[in-house]
Chemist: 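I am attaching a structure below and will ask some questions about it afterwards.
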Amino acid sequence: MVEHAEIRMVRRGGSKINFREPVITNDSRFLLCAAGESVNVYSTSTEEFVHDLQGHTDLVTGVVLNPSNHLQVYSCSADGTVRLWDFMDGILIKTFIIGYPIYSIYVSEKHGGVVFVVVPMANYKSSELFQLVAVHLPRSGDQEVEARELSAVLCDVSPHPGAVSFGREGEYIAATKGLQLEVFFFKKQKSYRFSLKSGMKKGVKNAFTCVSCHPKEDCIATGHADGKIRLWRNFNQKKEYTYTTLHWHHGAVNTLCFTPEGTNLLSGGIESVLVHWHYTQENQKDFLPRLGAAITHIAVSPDGSLFCTSHSDNKITIIQSCVKVSAIIQGLVKGDGVWTDLIIDPRSKALVLNGKPGHLQFYSLHRDKQLYNLDIVQQEYINEEGLDQFEVVKAAFDARGDWLATVEERRKKGAELEINLKLWAYDKLTQSFVLNTTVTAPHEDRITGMFFSPSPETTMLVTTSLDDHFKAWLLADHSDTKGKLASYSEGFWSCDFVGGYHLLKPGCCSYSADGSLLAVGFQEVVTVWSPASWELLTTLSQPPGAIRDLCFGRLSCSKYLLGTSTKNQLCCWNLLTCSLEWSTPMDVSLLQADPLSENMAAFCSQSGSSDLFVFKPSEPRPLYSQKALCTGKVQHAVFAPRDQMLESCEERTQWLNRSQTSAQLTPLSRSLPQLLHTPAHVLPSASFLCAMFVRSLLVSRSSLCLVGWGTLLHSYFQVSPEMFDQVQVRAPAAPLKDIQRLVPKPILRFLGCVLRVVVLLQGEPSPQSENRL
């Protein structure tokens, strides 16, 4: 039966912490930033996540300190509310309902009880015109109140939070949009507008990008798209205004910020350099270079002791007075795309995917924090449009996490595709991966699939390519290399086998759980190989359509192989009979197997959204289904291990346990005919079968009563009677003399070597047997 349980889909990590300008508290101990639908609180000294402020139901669009209480902050959201928090204890104090989507928020100490927010000029989200309004916060004892007293301050403003700034202790407010600067004076209730020309010369881009007002004097600093900074003065009258120009940035100025005393102006842009301008000596400036990525926001602590910069790679850098970097808070890096799929590192349980260009990032889902970056390409990245550079397109770990394989590609215009296959060995000393082997041009065309063998007996990697071949790469021993090694590890990698099938192009591959079988999809044909001898064992038929994905079953479902096709079919083959077990018409965009259970997840595209089905290959119906999981097509997914099992043991949530202990093993008695007629190379090891059989029969000691037949069992299995009481096992209710009829002799001989049990029978023991015991 399909379970439509109360299972919620929640954001597990990876929020944009660079979406809005961060805030440093008055004592410089904590940093707060918008992160999705919550506000994250970090320690500025340890860079560790402290807690988050949860309550908004939509994207948080701004965070500011409460000027009248240094232990409180305001946050605004697209859900149309402003919330007041005690950020130290993470307590929501009050919710003010505005009723309009809010895009940014500003406060001033001079305007007590008022917050300024940017909202659409019309009451709907799709409006492209925005206005700055003053919201008078009502004084009420209720935790949730409506704030309907709104007064317009400026019309037609930019929703970008860096486009509005308070000046000279809140006496005026400046806003920029396009080629226009508007200054509104609260005392006069009058505004002045100043415009720039679009630029007559080639390359001149005068459009405003950001604004910051001097906290003590009448000076407004504006950034522009051509990299210039203008300092405006005498703007309290329309005709006699002046401005001076500063120029260092070669790209657009993304952000500006004055220090609290106004002695310095900070600027940042695409150059990844924090520029420190001296206000009284405009031609004198200092630099803090190589900050790693383009600067998007700058914030300064109220006492001026700490600066922080937000970066385009979802990072916040904490800086001590523009001298040195003291801490880095790194979020999930969102690059141009995820080419490597989502992978789980077996050692750290971190999520591994593309990060910065040419890198892999290791991201902890449990801590919502990036652990480290691994430079794969190992070349300096040049930030220039149209420049062809290497991209990491494939990555895979072996079962123990000792090896990492990566594929990088670069295609130049009018040139052949460049491909590098790299093998990385884990170094316990540095707790990272070290390059072991580089294979230039491992295939003649793009690599479509890559998989490590899970077998503990050999270290092998298989790659498939559009050049009509798949290759097996084997780790050579140190003794075979005669000292000709890379700089690290006990051996190097070399090609061991090249396979193909009728000049068809392989698109995907998958190993069985024990590594004894390799399935390779050649367009519409599924081939099954033995990695031990590289013999083609069989080919599997299926409905028309090229194979898109292959996945072996696990544990009790290890006899099944599943595949998806481009003709919207999900197929399941039985490897014992080499026949199609079942198939169903489904447009499966992604098929994933849980490495810790028999469960599989299939994401299906339908009517512009994606549905989720969780099932076992042996069951005709899914364990769980979720319609319209998200809009669009799910591109990547992975089963992530839990730190702890779920406390709930309800059947409907067992597929979420992520634990081998939740696996339901098939009783051996149902599988005896298949086991006795199954080729040895597709069977698990004998020790695994025996352990599985014993576990399937075990019952708790409290539910058993010890009975006779011990001597007969001892004489039949030739085991020591002293070991009878170590394990108790259920057996069919029948005389012991019929055990040969109940269980075939090959299985009895197999079990007789290891079984040390007392048999529980439903019938009463005879006096003779009790006496013999």
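Residue numbers count from 1 along this sequence. This one's a predicted model, so the numbers in the text were calculated from it and none came from an experiment.
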Chemist: Quick check, are the ring centers of Phe208 and His224 under 6.0 angstrom apart?
Modeler: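 That pair passes the under 6.0 Å test.
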Chemist: Taking only residues two or more places apart in sequence, or in another chain, which ones meet Thr317 in a side-chain hydrogen bond (donor to acceptor under 3.5 Å, both in side chains)?
Modeler: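 Expected list: His311.
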Chemist: Nearest 0.5 angstrom please: Glu182 CD to Lys177 NZ, how far?
Modeler: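 Atom-to-atom, Glu182:CD and Lys177:NZ are 11.0 Å apart.
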Chemist: For Phe184 together with Tyr172, are the ring centres under 6.0 Å from each other?
Modeler: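 No, the ring centres sit 6.0 Å or more apart.
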Chemist: Rounded to the nearest 0.5 Å, what separates atom OG in Ser104 from atom CZ in Arg20?
Modeler: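 Those atoms lie 6.5 Å apart.
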Chemist: To check you understand the geometry: which heavy-atom pair defines the closest contact between Leu132 and Val164, and what is its length?
Modeler: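 Shortest heavy-atom contact: CD2-CG1, 4.3 Å.
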Chemist: When the ring planes of Phe194 and Trp232 are compared, do they come out parallel, tilted or perpendicular, using 30° and 60° as the limits?
Modeler: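 Correct class here is tilted.
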Chemist: Does a salt bridge link Lys110 with Glu169, judged by any charged N lying under 4.0 Å from a carboxylate O?
Modeler: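 Looking at Lys110 and Glu169, the cut-off is not met.
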Chemist: Report the residues that fulfil salt bridge (charged side-chain N to carboxylate O under 4.0 Å, His left out) with Lys369, sequence neighbours left out, ordered by chain and then residue number.
Modeler: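 For Lys369, the residues satisfying salt bridge (charged side-chain N to carboxylate O under 4.0 Å, His left out) (neighbours in sequence not counted) are Glu48.
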Chemist: Rounded to the nearest 0.5 Å, how far does CG of Asn236 lie from CZ of Phe185?
Modeler: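 Output value for this atom pair is 5.0 Å.
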Chemist: Is the Tyr103-His160 ring centre distance short of 6.0 angstrom?
Modeler: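 Centroid distance Tyr103-His160: not below 6.0 Å, so no.
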Chemist: CD1/Ile220 to OH/Tyr241 distance, rounded to the nearest 0.5 angstrom?
Modeler: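 Here the rounded value is 12.5 Å.
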Chemist: Suppose we call two aromatic rings close when their centres sit under 6.0 Å apart. Are Phe87 and His51 close by that rule?
Modeler: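 That pair fails the under 6.0 Å test.
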Chemist: Show the nearest heavy-atom pair for residues Ser108 and Gly170, with the distance to one decimal.
Modeler: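 Closest approach of Ser108 to Gly170: OG-CA, 3.4 Å.
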Chemist: Does the distance from a Lys or Arg side-chain N to an Asp or Glu carboxylate O, for Lys315 and Asp313, drop under 4.0 Å?
Modeler: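 Here Lys315 pairs with Asp313 in a salt bridge, since their nearest N and O are under 4.0 Å apart.
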Chemist: Atom CE in Met121, atom CG in Leu129: separation rounded to 0.5 Å?
Modeler: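 Met121 atom CE to Leu129 atom CG measures 6.0 Å (nearest 0.5 Å).
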Chemist: With a 6.0 Å cut-off on ring centres, are Phe362 and Tyr426 close enough?
Modeler: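 When the ring centroids of Phe362 and Tyr426 are compared, they turn out to be at least 6.0 Å apart.
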Chemist: If you draw a 6.0 Å radius around NZ in Lys188, do more than 12 non-hydrogen atoms from other residues or ligands fall strictly inside?
Modeler: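 More than 12 within 6.0 Å, yes.
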Chemist: Taking all non-hydrogen atoms of both residues, which atom of Tyr106 and which atom of Pro161 are closest, and how far apart?
Modeler: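 Of all heavy-atom pairs spanning Tyr106 and Pro161, the closest is OH-O, 2.9 Å.
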Chemist: Can you name the salt bridge (charged side-chain N to carboxylate O under 4.0 Å, His left out) partners of Asp218, sequence neighbours left out?
Modeler: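 Applying salt bridge (charged side-chain N to carboxylate O under 4.0 Å, His left out) to Asp218 gives Arg168.
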Chemist: I'd like to know whether the aromatic ring centres of Tyr243 and Phe235 sit less than 6.0 Å apart in this structure.
Modeler: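 No - the distance between ring centres of Tyr243 and Phe235 does not fall below the 6.0 Å cut-off.
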Chemist: Quick one: does Tyr74's side chain get under 4.5 Å of Ile105's, heavy atoms only?
Modeler: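 Tyr74 reaches Ile105 side chain to side chain.
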Chemist: Minimum heavy-atom separation for Ile298 and Ser267, please, with both atom names.
Modeler: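 Minimum heavy-atom separation between Ile298 and Ser267: CD1-C, 3.6 Å.
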Chemist: So, for Tyr372 and Phe433, is the gap between ring centers shorter than 6.0 Å?
Modeler: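 Tyr372 vs Phe433: aromatic centres not under 6.0 Å.
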Chemist: Do the non-hydrogen side-chain atoms of Lys324 and Ile319 ever get within less than 4.5 Å of each other?
Modeler: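 The answer is no; the side chains never approach within 4.5 Å.
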Chemist: Supply the atom-to-atom distance Leu266 CG to Trp277 CH2, rounded to the nearest 0.5 angstrom.
Modeler: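 CH2 of Trp277 is found 11.5 Å from CG of Leu266.
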Chemist: Counting heavy atoms not belonging to Glu109, are there more than 12 under 6.0 Å from its CD?
Modeler: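 Atom CD in Glu109 is not crowded, with 12 or fewer foreign heavy atoms closer than 6.0 Å.
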